[in-house]
2 protein chains.
Amino acid sequence: MTQPTAIEPAFDRLLQVAVEVFAECGFREATVREICSRANVNVASVNYYFRSKEALYAQALAFAFREANRLYPQDAAFDKSLPPEQRLALFIKNFLYKLLDDSQLGLHSKLIAHEIADPTKALDEIIETAIVPQFALLEEIIRQLLGSSPDNVTVQRCLLSIFGQCLMFKHSRSIIDRLYPELIADESAIQASAEHIAQFSLAALTQFALQKVRPTP
Amino acid sequence: MTQPTAIEPAFDRLLQVAVEVFAECGFREATVREICSRANVNVASVNYYFRSKEALYAQALAFAFREANRLYPQDAAFDKSLPPEQRLALFIKNFLYKLLDDSQLGLHSKLIAHEIADPTKALDEIIETAIVPQFALLEEIIRQLLGSSPDNVTVQRCLLSIFGQCLMFKHSRSIIDRLYPELIADESAIQASAEHIAQFSLAALTQFALQKVRPTP
DNA sequence: AATTGTTTTAAACATCTGTTTAATACTAGC
DNA sequence: GCTAGTATTAAACAGATGTTTAAAACAATT
């Protein structure tokens, strides 16, 4: 029971609870009163410590992202000395774990999911700080696997194919929960799902690489 | 300017506008007043013709689904006399077109997208009537391509891989609009994206089929 | 033309929203 | 112990929301 007691200052409690509530409800559905109630704090505190609900949201987003990147860094996939096949598998696994972590951390991806589905002003900054770097890393790995300088749109589409497979588990979670719950039942199931995506994508990419060299004989 | 004039009865105008507004805003964010305003109708009309906002939403959902299935039927992909490769390509193309159609129709997929991201009571019925049949059809095609009775989880994961690639264009539309707008710029770009997904998936599936026959030598 | 049933209307209702205010409680620093 | 700055509180504000009401307008039947 990590209940936010008075031992932590109200500011911190507020920020932490805000991450939770915004992750659950999204910006618009979340209410200041709910946040304050859970943090055992007066309604006026949000406007006292943060300027407004919107400002609190921005700070909560930034906080959640810092935490997520601290716990799920992509540095293994960044290692250029590894073979690209392994880097791809590492990238996908880490990304999926980050997405599906339902502990304190899963909140981060829930925040993004809400933000993507129903963008607020904060989306542009999120894209810059969180999404573009991930895209760039995966793009580099894909180029290594495709070889022989493929055209940009092909790389982009392959990138979306891979991200799409991963994000399916996040954005369509409500469907998977009802139709295929066993695919995300426990950690080993999640790992198996990650390995599937890696195999599936690798198979497609190597096939693409072959076709590139020997274009439709 | 297909502005809803008084020529159509208020009930129909209301239903039509409701689809639009719910598609734009989702159930919770949409307001009865906005719907009535756009339909040139008094606020009380929603509760007069439909019992409540929620009942209006349910009817709007059902209406949009009927329209979508009327304009984008999956009957070509259903044709069992076609080779599975072609059925897969047809399925993906039709599905993606349905998703990305921004005319009167795209509204249908926006409604689902909102519903999946932020489920209401209506989700269960949507899953039954709209999603399960699509899943079943694609599952049948996948089984045909994998051959030799693959285990269920493999089929399920492949299915999610394919749907995930398609849904990426819907659920992460806000990101694609900003980073890769050329991939959905016009009809030919969308068709090319559909063909990419089909090729990508087919490559992976045939590879999987080979591995199944000759398991990791 | 009067009566009936159906639509439409403006107004009000009750509740919830983010935000503000002004008073109170608390906590150093002298 | 008093004071200055900070933190917290209850109450109120102004606006929006879904819903209801009761009166008015309309249409069709007799």
Side-chain angles (χ1 to χ4, degrees), chain A residues 3-63 111 114-115 118-123, chain B residues 3-63 111 114-115 118-123:
Chain A
Q3 186 172 281
T5 58
I7 209 175
E8 254 178 318
F11 182 93
D12 294 338
R13 264 181 296 151
L14 216 34
L15 196 59
Q16 209 169 321
V17 171
V19 172
E20 290 175 29
V21 178
F22 283 131
E24 279 177 32
C25 314
F27 173 69
R28 287 172 244 265
E29 274 297 303
T31 75
V32 172
R33 277 173 173 80
E34 171 71 16
I35 294 171
C36 291
S37 163
R38 286 204 214 173
N40 289 321
V41 143
N42 189 270
V43 229
S45 301
V46 161
N47 298 81
Y48 179 73
Y49 285 111
F50 309 84
R51 188 172 33 84
S52 62
K53 179 191 180 185
E54 201 170 0
L56 171 59
Y57 181 65
Q59 293 224 30
L61 270 183
F63 176 71
L111 280 174
H114 266 115
E115 188 59 39
D118 200 8
T120 71
K121 292 180 194 168
L123 179 59
Chain B
Q3 185 172 283
T5 59
I7 211 176
E8 255 179 318
F11 182 93
D12 295 338
R13 265 180 298 151
L14 217 35
L15 196 58
Q16 209 169 321
V17 170
V19 172
E20 290 175 29
V21 178
F22 282 132
E24 280 177 31
C25 314
F27 172 70
R28 286 171 244 265
E29 274 296 304
T31 75
V32 172
R33 278 172 174 80
E34 170 72 14
I35 294 171
C36 291
S37 163
R38 286 204 215 174
N40 288 322
V41 143
N42 189 272
V43 231
S45 301
V46 161
N47 299 80
Y48 178 72
Y49 286 110
F50 310 84
R51 190 171 34 84
S52 62
K53 180 191 179 185
E54 200 170 2
L56 171 60
Y57 181 65
Q59 293 223 28
L61 270 184
F63 176 71
L111 280 173
H114 266 116
E115 188 59 38
D118 200 7
T120 72
K121 291 181 195 167
L123 179 58

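Order of the sequence lines sets the chain letters (A, B, ...), proteins ahead of strands, with each chain counted from 1.
- Rounded to whole Å, atom P of D:dA10 lies 12 Å from atom CG of A:Asn40.
- Checked by atom type and distance alone, the side chain of A:His114 pairs as donor or acceptor with a backbone atom of A:Ala23 at under 3.5 Å.
- Residue B:Ala30 is in sugar-phosphate contact alone, with no base atom involved, counting any heavy-atom pair closer than 4.0 Å across all strands shown.
- Spacing between atom CD of B:Glu34 and atom C1' of D:dG15 amounts to 16 Å, rounded to whole angstrom units.
- What separates OH of A:Tyr57 from P of C:dG18 is a distance of 14 Å, to the nearest Å.
- B:Ile35 has its CD1 atom 8 Å from the P atom of D:dG18, to the nearest Å.
- When rounded to the nearest whole Å, the span between CZ of A:Phe11 and P of D:dT6 equals 15 Å.
- Contact annotation: the side chain of B:Tyr57 approaches that of B:Glu115 to within less than 4.5 Å [non-hydrogen atoms, C-beta and beyond].
- Taking the centre and axis of the six-membered ring of A:Phe22, the NZ or CZ atom of A:Lys53 falls outside the cone set by 45° and 6.0 Å.
- One finds no side-chain N or O of B:Tyr48 lying less than 4.0 angstrom from the OP1 or OP2 phosphate oxygen of C:dT8.
- Salt bridge status for B:Arg38 with B:Glu24: present, with a side-chain N to carboxylate O gap under 4.0 Å.
- B:Tyr49 comes within 4.0 angstrom of the backbone, heavy atoms only, and of no base.
- Taking the six-membered ring wherever Trp is involved, the centroid distance between the rings of B:Phe50 and B:Phe11 falls below 6.0 Å.
- Regarding A:Arg28, its CZ atom lies at a distance of 13 Å from the P atom of C:dG18, rounded to whole Å.
- Judged by distance alone, with hydrogens and angles left aside, the side-chain atoms of B:Ser45 form no donor-acceptor pair with the main-chain N or O of B:Tyr48 at under 3.5 Å.
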Short heteroatom pairs, N/O only, protein and nucleotides 19-21 of chain D, under 3.5 Å:
residue	atom	partner	partner atom	Å
D:dT19	OP2	B:Lys53	N	2.9
D:dT19	O5'	B:Asn47	ND2	3.4

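- Between the CZ atom of A:Phe27 and the P atom of C:dT17 there is a distance of 13 Å, given to the nearest Å.
- Atom CD in B:Glu29 sits about 12 Å away from atom C1' in D:dA16, given to the nearest Å.
- Listed for the A:Thr31 side chain is a donor-acceptor partner under 3.5 Å among the backbone atoms of A:Glu34.
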